[in-house]
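The block underneath contains the structure these notes are about, expressed in structure tokens.
All values derive from a computational prediction rather than experimental measurement. All chains are named by letter (A, B, ...) in the order of the sequence lines, taking the proteins before the strands, and each is independently numbered beginning at 1.
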2 protein chains.
Amino acid sequence: MSMSAPPLQRRPATIKDVARELDISVATVSRAMSKPHLLRPATVARVREAVERLGYRPNLVAQNLKLGSTRIIYVVVPAMSLFFFDVFRGIERAALEQGYSVVAAHTGRDPVREGEYFDQVACGRADGVLLVSSARLETRPPHQHQYPPTVSVLEVDEGREFPSVRVDHVAAAAMATNHLIELGHRRIAHISGNALAPMAEHRRRGFLQAMAAAGLSTEYCVPGEFSPEAGQAAMEILLARAVRPTAVFASSDEIAVGAIRAIKAAGLSVPGDISVMGYEDQRLSRIYDPQISTVHIPTFDLGYQAMTKLRRILAREPYEHDVLLPTHIVVRATTAAPKQA
Amino acid sequence: MSMSAPPLQRRPATIKDVARELDISVATVSRAMSKPHLLRPATVARVREAVERLGYRPNLVAQNLKLGSTRIIYVVVPAMSLFFFDVFRGIERAALEQGYSVVAAHTGRDPVREGEYFDQVACGRADGVLLVSSARLETRPPHQHQYPPTVSVLEVDEGREFPSVRVDHVAAAAMATNHLIELGHRRIAHISGNALAPMAEHRRRGFLQAMAAAGLSTEYCVPGEFSPEAGQAAMEILLARAVRPTAVFASSDEIAVGAIRAIKAAGLSVPGDISVMGYEDQRLSRIYDPQISTVHIPTFDLGYQAMTKLRRILAREPYEHDVLLPTHIVVRATTAAPKQA
DNA sequence: TTGAAAGCGTTACCAC
DNA sequence: GTGGTAACGCTTTCAA
């Protein structure tokens, strides 16, 4: 095995090196870089040449320290799923337009790591955070001291009450449940998402409300996780019941995929024997065979508007605290009226 | 619409505030934070209390400037796909163990943005970069001055020759093609990935080599992109041929999904009429119905080992320049012998 | 065990 | 137009 020696890394050139090289002051070099209109064009040209020759790049860390701003935004995401990355795309677009850089900080739904990223930003690493959903309040470690400018995306953050751009998951989940009820279903199951995710809780709540309003039993409500595997396992449990449900509202499209697998594996058909409703309208729900009926969440816009709001906050412009975006149902091939009404 | 006023943000406490509060020197406060063993326990306790009370957090930017290190790694990813995020998970795990923070920087396969992230790191924003695949050489803007410590993951970066941890995509793609050949297929198609992605090019090359070695025609090799939509469109073109292929090697699982959709839509069956081979072994290939035969790429290990290597480089320890990890074929439900041999 | 002060690489104010 | 220099918030050497 051939080992390489560590590469010799010469010290990067600083503003002083450039100034010394040209026998001018560092102030002039600095101005040539950021405010060239204040200088004689000839001077700017000389500096540019020397900068090129020495390979000088301004040290961003020093710049940040002096300026007190980084123009970086941390996007804190609980998990790496395509759903969250659709939100991220919207954020990225807005950031690009507004002169910010964004980086994604992944927490794996761990409140401790979430706290660490908040700390980094509070300590000057970035100007603000976009919190894409988050951990449950009760699982969080006690009292962070002071939060950096933050906007919640996709979901309110109960307890901290950050400004938000979100959808009403309770209402949207109720809407999905009502779609099933209106088709004529009475025994409707729900497979929920991760116990720690507030979004999962809110979707479950919407299901319970809609069922209660229709006077239906909620005995088919089972816990799950945001993954096809968990969806499949939960559905298998549901199928083992003496009296099976005729429809299931899954807390996400991924869960729906798992549920459909389980139903097919049991020799039943979708939606012939059992209807399946997803949530999120991920690309997966359009691609899957059969295509999945689901609830559309305007992920891109959510991200775009959240970043825009954060910019306003940082610029100390007025903003609306809580912004709600609309959702709607997308009926595809996995929901239909029950066989025997 | 109710507008909130900008929140009044009091200046965060600095080390000086704490020192003044206790009438001690900033040096002592600094030591109490990072080298408490050098101080009288009573002093440390007093400082701790004041820090708590004032809500002081050391400014990381200032710390970084002084120390010349951030302990942050930028993970530069070309696209937000689950495939890349499996790699990211491995990186994260290693970083956690080794005391680094990682953030994901997304380029959307844009060489300009890739360059910007490199610049940020070269200017001190992070200690190094993990380049997960990258843009093609010819599409890159000319001469960046000096690269920060970088490790290529998943693929070599031709032209810049960073140390790497990767797989041999040419060999792996040839392996996949040979699987189809060994099953008895002769008219084998290939749908390739994004033209700008080196990985797509290498997989295509592997296909061409294997076909040439078997003396088979490569007339069914068509361009595509790493998405189900592109896979579907490409497959439709292939199906319109006078003589159809009996098997197709897709450059990714996502492309395979699209191809399968097109085949089914044409009233044909997989693998009865046409076999489909994927690549990457994403979770999708296990979840899809039918489950997709594919090439397994050890994404997690790739990420883990790349981060470990980068740590060695930063610590100026010796390391192996180019590390190759093995791949293998996973035969599932989409490949079989052709109908009429 | 603690304090004074230099210095990390910038920017911006105040002179000239 | 350009230069000198203080300051951003921290760590660390040197002295005491």
* Check the side chains of B:Asn64 and A:Arg125 for a donor-acceptor pair under 3.5 angstrom, ignoring hydrogens and angles. => yes
* **Partner residues of B:Glu21 under the salt bridge (Lys or Arg N to Asp or Glu O under 4.0 Å) criterion, sequence neighbours left out** => B:Arg53
Which pairs of donor and acceptor atoms, one on a side chain in residues 68-75 of chain B, lie under 3.5 Å apart (sequence neighbours left out)?
unit_1, atom_1, unit_2, atom_2, d
B:Ser69, OG, B:Asp127, OD2, 3.0
B:Thr70, OG1, B:Ile72, N, 3.1
B:Thr70, OG1, B:Asp127, N, 3.3
B:Thr70, OG1, B:Asp127, OD1, 2.9
B:Arg71, NE, B:Gly99, O, 3.1
B:Arg71, NH2, B:Gln98, O, 3.1
B:Tyr74, OH, B:Gln120, OE1, 3.1

* With sequence neighbours left out, write down each residue that passes salt bridge (Lys or Arg N to Asp or Glu O under 4.0 Å) with B:Arg20, or none if nothing qualifies. => B:Asp17
* Asked: Who pairs with B:Arg311 by salt bridge (Lys or Arg N to Asp or Glu O under 4.0 Å), at least two apart in sequence or on another chain?
  -> B:Glu317
* Rounded to the nearest angstrom, tell me the gap between atom CZ in B:Arg31 and atom C1' in D:dC10. => 13 Å
* To do: Anything under 4.0 Å to a heavy atom of chain A counts; send over the first and last such nucleotide of DNA chain C, read 5' to 3'.
  => C:dC8 to C:dC13
* To do: List in numerical order all residues of residues 33-45 of chain A for which some heavy atom is under 4.0 Å away from an atom belonging to DNA chain C.
  => A:Lys35
* Asked: Residues two or more places apart in sequence or in another chain: which of them pass side-chain contact (heavy atoms from CB on, under 4.5 Å) with B:Ser30?
  -> B:Ile15, B:Ser34
* Looking at residues at least two apart in the chain, or sitting in another chain, which of them share a side chain to side chain donor-acceptor pair (under 3.5 Å) with B:Arg31? -> none
* Asked: Going by the salt bridge (charged side-chain N to carboxylate O under 4.0 Å, His left out) test, which pairs reach into residues 73-88 of chain A, not counting sequence neighbours?
  -> A:Asp86-A:Arg89
* Asked: Hey, does the side chain of A:Thr28 come within less than 4.0 Å of D:dT2's phosphate (OP1/OP2), counting only N and O?
  -> no
* Looking at residues at least two apart in the chain, or sitting in another chain, which of them share a ring-ring contact (aromatic ring centres under 6.0 Å, His included) with A:Phe85? -> B:Phe85
* List for me each residue that meets side-chain contact (heavy atoms from CB on, under 4.5 Å) alongside A:Ile24, sequence neighbours excluded, and say none if there are none. => A:Leu22, A:Thr28, A:Val29, A:Arg46, A:Val47
* Asked: Using a cut-off of 4.0 Å on non-hydrogen atoms, how would the nucleic acid contact of B:Ile24 be classed: base, sugar-phosphate, or nothing?
  -> sugar-phosphate
Restricting to nitrogen or oxygen on both sides, can you table the protein-nucleotides 5-9 of chain D pairs closer than 3.5 Å?
unit_1, atom_1, unit_2, atom_2, d
D:dA7, N3, A:Lys66, NZ, 2.9

